[in-house]
Amino acid sequence: MTPERRRRRQDTTTGRRQDGTAGRRPDATAVRVYELVPVRGLSLESVARRSGMHPEMVRRLVTLGLVDATRDPAGRLRFDRSAPRTLARIQRLRAGLPLNYASIGLVLDLLDRIGRLEAALRRTGARSDDVPWT
């Protein structure tokens with residue numbers, strides 16, 4: 001007998017299990033979700049801990065669209081591995097500039113666009129000061 005079965009075995013004198021729960025059968029209509037593939041990414045708690053933010057603040061930033069997140073089959077938020085880096089950028093922008101969160105979203109978009117353009121220039125071998133302005 002496995003340790004789990006021993007723990008759940010009912011005491012014959014009280015009708016209660018050894019783990020303290022009543023000896024009832026689980027609800028037949030309850031749906032259990034089994035993950036066939038392990039869920040990739042970081043949980044809300046780990047992202048909040050790594051970024052030094054409260055989990056509720058991270059949820060708000062997801063709602064505002066500043067941080068991308070998906071939901072797993074159980075409905076919990078799952079984040080990409082780059083989420084703590086994005087949250088750190090948001091914190092630096094918020095601390096360094098007097099911007100609201102909508103403005104921070106715009107600044108993040110512009111910084112990402114500049115990064116992509118600079119990477120394209122590096123791939124072509126052109127230098128940004130060689131490109132004419134007109």
**Q.** hydrophobic_cluster_shared for Leu108 and Leu97, side chain cutoff 4.5 Å
**A.** yes
Starting from Tyr101, can I reach Phe79 by hopping between I/L/V/M/F/W/Y residues whose side chains sit under 4.5 Å apart?
yes
Asn100 meets the side-chain hydrogen bond (donor to acceptor under 3.5 Å, both in side chains) criterion, sequence neighbours left out, with Ser103
### Query
Are the side chain of Arg78 and the backbone N or O of Gly41 linked by a donor-acceptor pair below 3.5 Å?
yes
Under a side-chain separation threshold of 4.5 Å, the hydrophobic residues clustered together with Leu110 are Leu106
Residue pair Gln91, Met53: steps toward the side chain to side chain contact (heavy atoms under 4.5 Å, CB included) verdict: CA-CA 9 Å; Gln91 286 177 324; Met53 299 177 94; 3.0 Å; yes
Taken to the nearest 0.5 Å, the spacing of Leu61 CG from Asp68 CG works out to 12.0 Å
Exercise for review: Determine whether Leu117 and Leu121 fall in the same hydrophobic cluster, where Ile, Leu, Val, Met, Phe, Trp and Tyr are linked whenever their side-chain heavy atoms lie under 4.5 Å apart.
Suggested key: no
CD1 of Ile90 to CG of Leu64, rounded to nearest 0.5 Å, is 9.0 Å
In short, Asp80 meets Leu42 closest at the heavy-atom pair O-CD1, 3.9 Å
Hits for side-chain contact (heavy atoms from CB on, under 4.5 Å) against Ala120, two or more places apart or cross-chain, chain-then-number order -> Arg123
Hits for side-chain hydrogen bond (donor to acceptor under 3.5 Å, both in side chains) against Ser43, two or more places apart or cross-chain, chain-then-number order -> Ser46
Residue pairs meeting side-chain hydrogen bond (donor to acceptor under 3.5 Å, both in side chains), one or both in residues 105-120, sequence neighbours left out, come to Arg89-Asp112
Nearest heavy-atom contact between Leu87 and Ser51 is CD1-OG, 3.6 Å
So the salt bridge (charged side-chain N to carboxylate O under 4.0 Å, His left out) pairs with at least one residue in residues 44-58 (sequence neighbours excluded) are Glu56-Arg59
If you count heavy atoms of other groups shown closer than 6.0 angstrom to CZ of Arg85, is the number above 12?
no
Heavy-atom nearest pair, Ala69 first then Leu77, reads CB-CD2, 4.0 Å
Closest heavy-atom pair, Leu66 versus Gly105, reported as atoms and distance to 0.1 Å, is CD2-CA, 3.3 Å
